[in-house]
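Convention: sequence-line order gives letters A, B, ...; per-chain numbering from 1. Just so it is clear, the values below take in all heavy atoms, side chains as well, and ignore hydrogens, waters and symmetry mates.
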Amino acid sequence: MPLTAGFYARGVLEVAQALIGCVVSRGEASGIIVETEAYHDSEPACHAHVGLTKRTSTLFGPPGRAYVYLCYGVHTMLNAVCEREGVGAAVLIRALEPLEGIELMAARRGVEPERRRALCSGPGRLAQALGVGLADNGCDLGLGPVTICGRPRRLGDPAVQRDRRIGIRRATELPWRFCLAGSPYLSVPVARLETGAAVGRGPAGG
DNA sequence: CATGGGATTGACT
DNA sequence: GTCAATCCCATGC
């Protein structure tokens, strides 16, 4: 059973951590989420920081929808919209451990199925592997085409590591990246923990 | 209407 | 390590 809106309605940091170990599916292809990042309209790295526009309307909409956009004119990014309607917040899905539809994902990526790490280790890569396109923007993650289900019981409670977000120009100091500890499917390894690093307290008013 | 930036990737030196 | 691809959309005139 897919996760419902209540799961996403919580604070975006809480959701970003809770999504580790959950399963993203689209059609025959699926994978276990091993890396996420949180974005919130209170900080400048978030698209919603500019306010409500045509582009950001999905972000400010109800929780539990997909926010899909094109990055660098080349790659599609898949996010899960969080927090209550009127708050611009989302979790970027950055890496998956491939689960089902390996052959299909490999064909879409143009790599050999044996190269598991090349399939979904990166936000652009996983979107390509799943066949996510701009037409999926705004879709209900409980209904599809893109769906997210809870953690498989057999996996237990995952150990989650926190890190700084990757590839952004602004608000780089926030430790809003969440990774499955020890996973070989991360887009980038977790940085060494810095002693005394500032710990984010979460978005104001979130 | 013109311009410029961007939450990336893959190819190449 | 460097760098180009490529396009949507926010902004400004």
Side-chain angles (χ1 to χ4, degrees), chain A residues 8 11-13 15-17 19-20 24 31 33-61 63 65-83 87-96 98 105-112 114-139 141 146 148 161-180 184-191 200 202-203 206:
Chain A
Y8 303 97
V12 69
L13 293 177
V15 179
Q17 178 162 344
L19 278 173
I20 299 297
V24 181
I33 299 174
V34 298
E35 180 181 342
T36 62
E37 281 178 2
Y39 289 86
H40 189 275
D41 60 29
S42 62
E43 46 90 12
C46 183
H47 292 169
H49 191 63
V50 299
L52 180 60
T53 65
K54 181 181 177 183
R55 183 190 200 192
T56 62
S57 61
T58 306
L59 281 169
F60 284 100
R65 306 276 184 89
Y67 168 53
V68 180
Y69 72 96
L70 196 62
C71 185
Y72 295 103
V74 182
H75 306 286
T76 51
M77 305 281 123
L78 173 64
N79 301 250
V81 176
C82 296
E83 309 211 6
V87 177
V91 173
L92 171 69
I93 314 296
R94 285 192 55 90
L96 307 177
M105 293 195 285
R108 284 172 173 154
R109 292 272 305 120
V111 301
E112 294 303 311
E114 292 74 21
R115 298 183 55 210
R116 292 288 175 98
R117 264 156 289 218
L119 298 181
C120 301
S121 297
R125 289 170 175 172
L126 74 88
Q128 184 181 24
L130 293 174
V132 172
L134 294 181
D136 294 318
N137 183 45
C139 90
L141 293 172
V146 183
I148 303 180
Q161 287 179 305
R162 217 169 153 168
D163 196 9
R164 278 142 85 121
R165 295 180 295 186
I166 293 174
I168 53 172
R169 308 292 205 128
R170 298 146 82 173
T172 56
E173 74 284 358
L174 297 177
W176 287 8
R177 176 183 182 227
F178 298 88
C179 297
L180 177 62
Y185 295 99
L186 302 179
S187 66
V188 175
V190 177

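Of all nucleotides in DNA chain B, those with any atom nearer than 4.0 Å to a heavy atom of chain A start and finish, going 5' to 3', at B:dG6 to B:dG10.
Of the N and O atoms on the side chains of A:R109 and A:Q128, at least one donor lies less than 3.5 Å from an acceptor on the other residue.
Across the strands present, C:dA4 finds its partner in B:dT9; the criterion is a Watson-Crick or G-U wobble pair with both atom distances under 3.5 angstrom. Within the shown strands, C:dA10 is the pairing partner of B:dT3 under the Watson-Crick or G-U definition, both distances less than 3.5 Å.
Within the 4.0 angstrom heavy-atom criterion, only backbone atoms of the sugar-phosphate kind lie near A:R125; the bases stay farther away.
Between A:R170 and A:V111, it is A:R170 whose nearest contact on DNA chain B lies nearer the 5' terminus.
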Kindly list each side-chain donor-acceptor pair under 3.5 angstrom involving residues 65-75 of chain A, sequence neighbours excluded, with atom names and distances?
{"from": "A:Y67", "atom 1": "OH", "to": "A:H47", "atom 2": "ND1", "distance (Å)": "2.7"}

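Between the side chain of A:E112 and the backbone N or O of A:E114, no donor-acceptor pair lies under 3.5 Å. A:T36 contributes a side-chain N or O that, together with a main-chain N or O of A:A16, makes up a donor-acceptor pair within less than 3.5 Å. Proximity of a side-chain donor or acceptor of A:R177 to a complementary backbone N or O of A:R165 within less than 3.5 Å is not detected.
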Expected rows: protein N/O vs nucleotides 10-13 of chain C N/O, under 3.5 Å:
{"from": "C:dA10", "atom 1": "OP1", "to": "A:T53", "atom 2": "OG1", "distance (Å)": "2.8"}
{"from": "C:dA10", "atom 1": "OP1", "to": "A:R55", "atom 2": "N", "distance (Å)": "2.5"}

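At least one side-chain heavy atom of A:R162 sits under 4.5 Å from a side-chain heavy atom of A:F178.
Distance A:M77 CE to C:dC9 P: 15 Å, rounded to the nearest Å.
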